[in-house]
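A short write-up of the structure that comes next.
All residue numbers refer to positions in the sequence shown, counting from 1.
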Amino acid sequence: MERDELIRIINENVLTSAEAVEMLGGSKQNLSSLVKRQKLVPIKESGSVRLFLKSDVEERKREAEQLREKYRPYE
(Lines give C-alpha, C1' and ligand atoms only; values in the text may rest on other atoms or scores of the structure.)
Protein backbone atom coordinates (compact mmCIF):
# COMPACT_ATOMS: atom_id res chain seq x y z
CA MET A 1 0.00 0.00 0.00
CA GLU A 2 1.35 3.38 -0.96
CA ARG A 3 1.96 5.97 1.75
CA ASP A 4 -0.37 8.52 0.11
CA GLU A 5 -3.16 5.95 -0.13
CA LEU A 6 -2.75 5.05 3.53
CA ILE A 7 -2.89 8.72 4.54
CA ARG A 8 -6.06 9.17 2.46
CA ILE A 9 -7.71 6.15 4.10
CA ILE A 10 -6.80 7.37 7.59
CA ASN A 11 -8.07 10.89 6.86
CA GLU A 12 -11.38 9.50 5.58
CA ASN A 13 -11.97 6.97 8.36
CA VAL A 14 -10.33 8.23 11.57
CA LEU A 15 -11.47 11.15 13.74
CA THR A 16 -9.76 13.02 16.54
CA SER A 17 -11.61 13.77 19.76
CA ALA A 18 -12.35 17.31 18.56
CA GLU A 19 -13.78 16.01 15.28
CA ALA A 20 -15.88 13.43 17.13
CA VAL A 21 -17.26 16.11 19.45
CA GLU A 22 -18.16 18.26 16.45
CA MET A 23 -19.87 15.37 14.65
CA LEU A 24 -21.84 14.38 17.76
CA GLY A 25 -22.76 17.96 18.59
CA GLY A 26 -21.78 17.57 22.22
CA SER A 27 -18.93 18.60 24.46
CA LYS A 28 -15.56 17.18 25.50
CA GLN A 29 -17.14 16.12 28.79
CA ASN A 30 -19.90 14.30 26.92
CA LEU A 31 -17.32 12.46 24.82
CA SER A 32 -15.35 11.49 27.93
CA SER A 33 -18.55 10.17 29.49
CA LEU A 34 -19.31 8.08 26.39
CA VAL A 35 -15.80 6.59 26.54
CA LYS A 36 -16.01 5.87 30.29
CA ARG A 37 -19.37 4.14 29.81
CA GLN A 38 -17.95 2.27 26.79
CA LYS A 39 -20.65 3.67 24.50
CA LEU A 40 -17.85 4.84 22.20
CA VAL A 41 -14.48 3.07 22.18
CA PRO A 42 -11.36 4.81 20.87
CA ILE A 43 -9.19 2.82 18.46
CA LYS A 44 -6.06 4.42 19.91
CA GLU A 45 -5.25 6.40 23.04
CA SER A 46 -1.94 8.05 23.80
CA GLY A 47 -1.89 10.47 26.70
CA SER A 48 -4.70 12.94 26.10
CA VAL A 49 -5.05 12.03 22.41
CA ARG A 50 -7.85 9.72 21.35
CA LEU A 51 -8.65 8.50 17.86
CA PHE A 52 -12.03 7.09 16.82
CA LEU A 53 -13.31 5.26 13.78
CA LYS A 54 -15.65 7.57 11.87
CA SER A 55 -18.14 4.72 11.42
CA ASP A 56 -18.30 4.19 15.22
CA VAL A 57 -19.00 7.89 15.80
CA GLU A 58 -21.66 7.92 13.07
CA GLU A 59 -23.32 4.85 14.63
CA ARG A 60 -23.33 6.50 18.08
CA LYS A 61 -24.89 9.61 16.56
CA ARG A 62 -27.68 7.50 15.00
CA GLU A 63 -28.29 5.75 18.33
CA ALA A 64 -28.50 9.09 20.13
CA GLU A 65 -31.00 10.40 17.57
CA GLN A 66 -33.16 7.28 17.96
CA LEU A 67 -33.11 7.61 21.74
CA ARG A 68 -34.00 11.28 21.47
CA GLU A 69 -37.00 10.43 19.26
CA LYS A 70 -38.13 7.71 21.66
CA TYR A 71 -37.78 9.60 24.93
CA ARG A 72 -38.20 13.20 23.78
CA PRO A 73 -40.80 13.09 21.01
CA TYR A 74 -41.85 16.67 21.74
CA GLU A 75 -38.51 18.14 20.57
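One N or O on the side chain of S32 and one on the backbone of K28 form a donor-acceptor pair closer than 3.5 Å. No donor-acceptor distance shorter than 3.5 angstrom exists from the side chain of E69 to the backbone of Q66, with no hydrogens or angles considered. Judged purely by atom type and a 3.5 angstrom limit, S46 has no side-chain atom pairing as donor or acceptor with the backbone of V49.
For the pair L31 and L40, the minimum side-chain heavy-atom distance is below 4.5 Å. V41 places none of its side-chain heavy atoms less than 4.5 Å from the side chain of D56. Counting only heavy atoms from C-beta outward, the side chains of S17 and E22 never approach each other to under 4.5 Å. In this structure the side chain of I43 never reaches within 4.5 angstrom of the side chain of F52, judged on heavy atoms. Using a 4.5 Å heavy-atom threshold, the side chains of I9 and V14 count as separate. Residues L34 and R60 meet the side-chain proximity criterion, which asks for heavy atoms closer than 4.5 Å. Annotation: side chain of M23 is in contact with side chain of K54 (closest heavy-atom distance under 4.5 Å).
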Given R50 and V35, is the side-chain contact (heavy atoms from CB on, under 4.5 Å) satisfied, shown in steps?
-> CA-CA 10 Å; R50 290 180 177 152; V35 171; 3.8 Å; yes
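Under 4.0 Å is where a charged nitrogen must lie from a carboxylate oxygen, and between K61 and E58 no such pair does. Between R68 and E65, no side-chain nitrogen of the basic residue sits less than 4.0 Å from a carboxylate oxygen of the acidic one, so the salt-bridge criterion is not met.
Every residue two or more places apart in sequence or in another chain was checked for a side chain to side chain donor-acceptor pair (under 3.5 Å) with R3, and none qualifies.
Atom CD of E2 sits in a sparse spot, with 12 or fewer heavy atoms from other residues, nucleotides or ligands closer than 6.0 Å.
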